[in-house]
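One structure is given below, encoded as structure tokens.
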There are 2 protein chains.
Amino acid sequence: MKQDIDNSRYRAQQVLVSAGIKPSFQRLMILSFIMNAHIHPSAEEIFQNLKPEIPTLSRTTVYNTLNLLVEKGVLLPLTISEHETRYDPNTGSNHSHFFCHHCERIFDIQEVPACVAGQELEGHLVENVRLYLTGVCRECRSKE
Amino acid sequence: MKQDIDNSRYRAQQVLVSAGIKPSFQRLMILSFIMNAHIHPSAEEIFQNLKPEIPTLSRTTVYNTLNLLVEKGVLLPLTISEHETRYDPNTGSNHSHFFCHHCERIFDIQEVPACVAGQELEGHLVENVRLYLTGVCRECRSKE
DNA sequence: TTGTCTGCAAAACATTTGCATACTG
DNA sequence: CAGTATGCAAATGTTTTGCAGACAA
């Protein structure tokens, strides 16, 4: 157990350092939680889970850290839940997400499926498909 | 001009009635604005645009109406902008959305492209691709 | 008249900002 | 010591809720 914790913190430390982020205790704990919990947590979930272990932790630090990690490309922010941003530590692979509106969990879907609502996918009932592209539009590009 | 307004209100009225929604004046104006402006507006944009014409309009009514229209399947809520929900009156066709993070406009993309970040699409520079599926997960289904 | 729609005011909720204190190199 | 990180308190922005009056069938 102790070994596992050490390992996951070590992996988180590696990620922070190679992204050029100073691996403070709070940042280490926050990223380590996100990487190991596999629940695509919200800021509030992170805060609630770490609060018992780090009683001085504040929401501000959680938000500061999340914004920094997104900026540095360590985390992907997901707006699939309509109420809060959730965070995915898997920034490398080209995968999709499935949001269950009952339990509010987010599942990784490994292949990007050419699928249609009403279908089944890995046992989940897909009611809704939304493809979101972001970037810079034609007109804004020409103004740069 | 007058004719155009009458036509668009008439179309909005048809949509409301066939969705089983009582076509009150405020609802008619809100849906008609969304259907004709083609800008995937936010609640605030709707409010600001209609306020001069309907000085008594309140944000509450805008939110009530939007929630009702989403519930009845008349509008799609888009969470592509991280700060606010935006609304799409085109619920039928299976299209995607492009969000420009400069001008904050949302463009309809007619085909669902098998595209990758860094690519160009209809002149827009795509920096980010996110496929969001929602529905009921395997475990929640088995509990029903 | 009965129920629904509207809109004000207040609340709720996620997130950000200002600022002072505490670390860390 | 200098610069950055942390965290409290207050502010912000979006959305919801409670409730009372207005409207429509």
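Predicted, not measured: the structure shown is a model, and the values here were computed from it. Each chain gets a letter, A, B and so on, in the order the sequences are listed, and its residues count up from 1. These values consider heavy atoms only, across backbone and side chains, with no hydrogens, waters or symmetry-generated copies.
- Taking the six-membered ring for Trp and thresholds of 30 and 60 degrees, B/Phe98 and B/His124 have nearly parallel ring planes, at less than 30 degrees apart.
- Residues B/Tyr63 and A/Leu68 both approach DNA chain D. Their nearest nucleotides, taken by heavy-atom distance, put A/Leu68 toward the 5′ side.
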Q: Kindly determine whether A/Ile106 and A/Ile39 satisfy side chain to side chain contact (heavy atoms under 4.5 Å, CB included), including the steps that lead there.
A: CA-CA 7 Å; A/Ile106 294 174; A/Ile39 60 169; over 6 Å; no

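- When the nearest nucleotides of DNA chain D are assigned to B/Lys22 and B/Arg86 by heavy-atom distance, the more 5′-ward of the two goes with B/Arg86.
- Per the geometry, CD1 belonging to A/Ile46 stands 10 Å off P belonging to C/dT15, to the nearest Å.
- In this entry the distance linking CD of B/Gln26 with C1' of C/dT6 reads 6 Å, nearest Å.
- Rounded to whole Å, the distance from CZ on B/Arg59 to P on C/dA10 is 15 Å.
- Straight-line distance from the CD1 atom of B/Ile30 to the C1' atom of C/dT6: 10 Å, rounded to whole Å.
- Nucleotides of DNA chain D lying under 4.0 Å from heavy atoms of chain A occupy a range whose first and last members, 5' to 3', are D/dT4 to D/dA9.
- Heavy-atom nearest nucleotides on DNA chain C were determined for B/His83 and for B/Ser24, and the one closer to the 5' end corresponds to B/Ser24.
- Distance CD (A/Glu45) to C1' (C/dT15): 16 Å, rounded to an integer number of Å.
- The B/Thr56 side chain lies nearest to C/dG7 when the options are C/dT15, C/dG7, C/dT16.
- The separation between A/Glu84 atom CD and C/dT16 atom C1' is 17 Å, rounded to whole Å.
- Note on A/Arg9 versus A/Glu53: salt bridge recorded, some NZ/NE/NH1/NH2 to OD/OE distance being below 4.0 Å.
- Atom P of nucleotide C/dG7 and atom CD1 of B/Ile54 are separated by 8 Å, given to the nearest angstrom.
- Annotation: A/Lys72, atom NZ; neighbour count of heavy atoms from other residues, nucleotides and ligands within 6.0 Å does not exceed 12.
- Contact detail for B/Tyr132 and A/Thr79: the closest heavy-atom pair is OH-N, 3.0 Å.
- Contact of the A/Leu68 side chain with the A/Ile21 side chain is registered, since non-hydrogen atoms from C-beta on lie closer than 4.5 Å.
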(Q) Could you go through B/Arg86 and B/Glu44, starting from their C-alpha distance and side-chain angles, then the distance that decides it, and tell me whether this counts as salt bridge (Lys or Arg N to Asp or Glu O under 4.0 Å)? (A) CA-CA 10 Å; B/Arg86 300 190 41 178; B/Glu44 186 63 20; over 6 Å; no

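- Of the listed nucleotides (C/dC5, C/dG7, C/dT17), C/dC5 has the atom at the smallest distance from the side chain of B/Arg27.
- The residue B/Ser42 sits apart from the nucleic acid: no heavy atom pair falls under 4.0 Å.
- Closest approach to the B/Thr60 side chain among C/dA9, C/dT17, C/dA14 is made by C/dA9 (side chain taken as heavy atoms from C-beta onward).
- Of the candidate nucleotides C/dT17, C/dG7, C/dA14, C/dG7 has the atom lying nearest to any side-chain atom of B/Asn64.
- Taking atom CD on A/Glu82 and atom P on C/dT15, their separation rounds to 14 Å, with Å as the unit.
- Within the 4.0 angstrom heavy-atom criterion, no nucleotide atom of any strand lies near B/Glu44.
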